[in-house]
Undergrad: 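Input: one structure, supplied below.
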Amino acid sequence: MPAKKLNPKQAAYQKKVKKYEPKPKALRNALLAFLSGGVVCLLGQALTDFFGAVMDLPPEKAATPAVATMIFFGALLTSLGLFDRIARFAGAGVAVPVTGFANSMVSAALEFREEGPILGIGAKLFSLAGSVITFGVVTAFIVGLIHAILPGR
Amino acid sequence: MGKKTGKQTFQFATPPVIIATGTVAGPFEGQGPLAEEVDVVLSDLRNGENSFEQAERSMLIQACRLALDHASRGSAEVDLFLAGDLLNQIISSSFTAATLGIPYLGIYGACSTVAEGLALASMILDGGFAGAVLVATSSHNATAERQYRYPTEYGGQRRPYQQWTVTGAAAGLLGYTGQGPRITAATVGKVVDMGCKDPLNLGAAMAPAAAETIACHFEDTGWDPDSFDLILTGDLGEIGFKLCREVLAEKNIHLGENFSDCGLLIYDREKQDVHAGASGCATAGLVTFGRLFRQFQRGELSRVLLVATGALHSPTSFMQGENIPCIAHAVRIEA
């Protein structure tokens, strides 16, 4: 749909709105996201090392149980009602890693549980995470295609 | 046609009376400065129900029953029930009407509903079509968040200009005769679209509608800002409130200390992390039927202009890239 052009009165008002609209604190948010994201990744690395040592796995195999554990914690914190409070401060730091993906699914499951297992949880589980999957698959396909066409490894 | 004055204002020959009110606020709202001036503060966001939608409905039923009890009337003694809320197909109101068993007209004006209800009820009463009309509205933080935004437990960062949807329900019983503050005039607003698209900044979208209705009320009636003890907008929040003042100043209407916004009165914005203030149907509802009604009873107020504001978009219209159309209705309440 083409964006409707603003008439001069609307354009003048939009300028006024910009004047009063407080800007999100970008630097503070970026710093907090950097630190909290770093903590999440540090935990992930510690888990990877732990599973590698305990289960005697090579690092690339040890990542799988580590990711599953991080997802578990994301889900647990969401269902305890703590994740959204942490995310208020941590922002992208907890949203970008798998913890954010877990949160988007579990929060949807909690929210739509009253609509029943099929039309509620089943259908709405991916209401937020769905586009991540869709575009993840599309991107993987395109990258795979390029990889297949380009010569060499 | 003697009751219409100017372009959009209706004056009542026999001003209808707000006889009694009932107000219920959520637990978070109960921690704010309005707690003393509502009848009931819930201890549980679900109010003992299975879903948040049922919780909202139970609050609305409770508010209506309180209003009727305070007037010592049964629901059979009420001629009409006018109510609206934010949920799709206004289910809170309609299901409440089913419980109360009062002939019902569902209305939708988003957060302007309380003023829309008061204006309509006043016309019906002054027109001689009814002797008693119950007006009610409700909103619930969790039901509104899920319908308009994200699941409640989703960890997103809130914008500094975002507002917090109030959990609460408010009802007022209006009569043709009786004791209490009276609705002497109502200005019905036009839908205003100033090109705002951001559904997280509804205060800015609604401010021009409020300004237009306020200006229209003054022009139609010849009253001015100094005629009122209080001019109270609905839920503009901090940003919308400043914008409204500026837009009116450009029209050469200068509002002084007697100008306020319900969205700034519900929470303690220093301690409660609600950013720009309160929003939702219950914002103007709780302030009007909770605080204003009590202040009129105590004789602290004699003339108030309530200008409740509503954003009339839906999640669908927003996702399809449409602007946010807004409205504001004004009612003049006098002791």
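We use all heavy atoms of the structure for the numbers below, so side chains are in, but hydrogens, waters and symmetry mates are not. So you know, we letter chains A, B, ... as the sequences are listed, proteins then strands, and number each from 1.
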Undergrad: Look up atom CZ in Arg146(B) and atom CG in Leu110(A), then write down how far apart they are to the nearest 0.5 Å.
TA: 11.0 Å
Undergrad: Find out whether Glu238(B) and Tyr20(A) are in side-chain contact, i.e. whether some heavy atom of one side chain is under 4.5 Å from a heavy atom of the other.
TA: no
Undergrad: Which answer fits Asn50(B), side chain, backbone, both or neither, if we ask what part of it has an atom under 4.5 Å from a heavy atom of chain A?
TA: backbone
Undergrad: A quick test of your reading: do over 12 heavy atoms of other residues, nucleotides or ligands sit less than 6.0 Å from CD1 of Ile118(A)?
TA: no
Undergrad: Does Asp44(B) have more than 12 heavy atoms from other residues, nucleotides or ligands lying within 6.0 Å of its CG?
TA: yes
Undergrad: Of all heavy-atom pairs between Asp84(A) and Thr152(B), which one has the smallest distance, and what is that distance?
TA: OD2-O, 3.5 Å
Undergrad: Indicate yes or no: at least one non-hydrogen side-chain atom of Met194(B) is less than 4.5 angstrom from one of Val17(A).
TA: no
Undergrad: Rounded at 0.5 Å granularity, tell me how far OH in Tyr161(B) sits from NZ in Lys23(A).
TA: 8.5 Å
Undergrad: To the nearest 0.5 angstrom, please state how far the CG atom of Asp198(B) sits from the CD atom of Gln14(A).
TA: 9.5 Å
Undergrad: Can you measure from OG (Ser104(A)) to OH (Tyr154(B)) and round to the nearest 0.5 angstrom?
TA: 6.5 Å
Undergrad: Taking OH in Tyr148(B) as the centre, count heavy atoms belonging to other residues, nucleotides or ligands within less than 6.0 Å. Is the count above 12?
TA: yes
Undergrad: Does a side-chain N-to-carboxylate-O contact under 4.0 Å join Glu153(B) and Arg85(A)?
TA: no
Undergrad: Can you tell which of Asn7(A), Val94(A), Leu77(A), Asn29(A) has the highest number of heavy-atom pairs within less than 4.5 Å of chain B?
TA: Asn29(A)
Undergrad: Quick one: does Arg88(A)'s side chain have a donor or acceptor within less than 3.5 Å of a partner on Gly155(B)'s backbone?
TA: no
Undergrad: Could Glu114(A) and Arg46(B) be called an ion pair, given the rule that one side-chain N must be under 4.0 Å from one carboxylate O?
TA: yes
Undergrad: For a side chain to side chain contact (heavy atoms under 4.5 Å, CB included) check, start with the C-alpha distance between Cys196(B) and Tyr13(A), then their side-chain angles and the critical distance, and finish with the verdict.
TA: CA-CA 9 Å; Cys196(B) 288; Tyr13(A) 183 69; 4.0 Å; yes
Undergrad: Shorter than 4.5 Å, heavy atoms on both sides: which option in Leu82(A), Leu128(A), Asn103(A) has the most such pairs with chain B?
TA: Asn103(A)
Undergrad: Distance from Glu21(A) atom CD to Asn201(B) atom CG, nearest 0.5 Å?
TA: 4.5 Å
Undergrad: Can you say whether Gln162(B) sits under 4.5 Å from chain A via the side chain, the backbone, both, or neither, judging by heavy atoms?
TA: neither
Undergrad: Whether Glu246(B) and Lys19(A) form a salt bridge (side-chain N of Lys/Arg under 4.0 Å from carboxylate O of Asp/Glu) is what I want to check.
TA: yes
Undergrad: Against chain A, work out which of Arg158(B), Lys242(B), Gln157(B) has the most heavy-atom pairs shorter than 4.5 Å and name it.
TA: Gln157(B)
Undergrad: For Ala142(B), which atoms come within 4.5 Å of any heavy atom of chain A: side chain, backbone, both, or neither?
TA: backbone
Undergrad: Taking the side chain as every heavy atom from C-beta outward, state whether Val106(A) and Pro151(B) have any atom pair closer than 4.5 Å.
TA: no
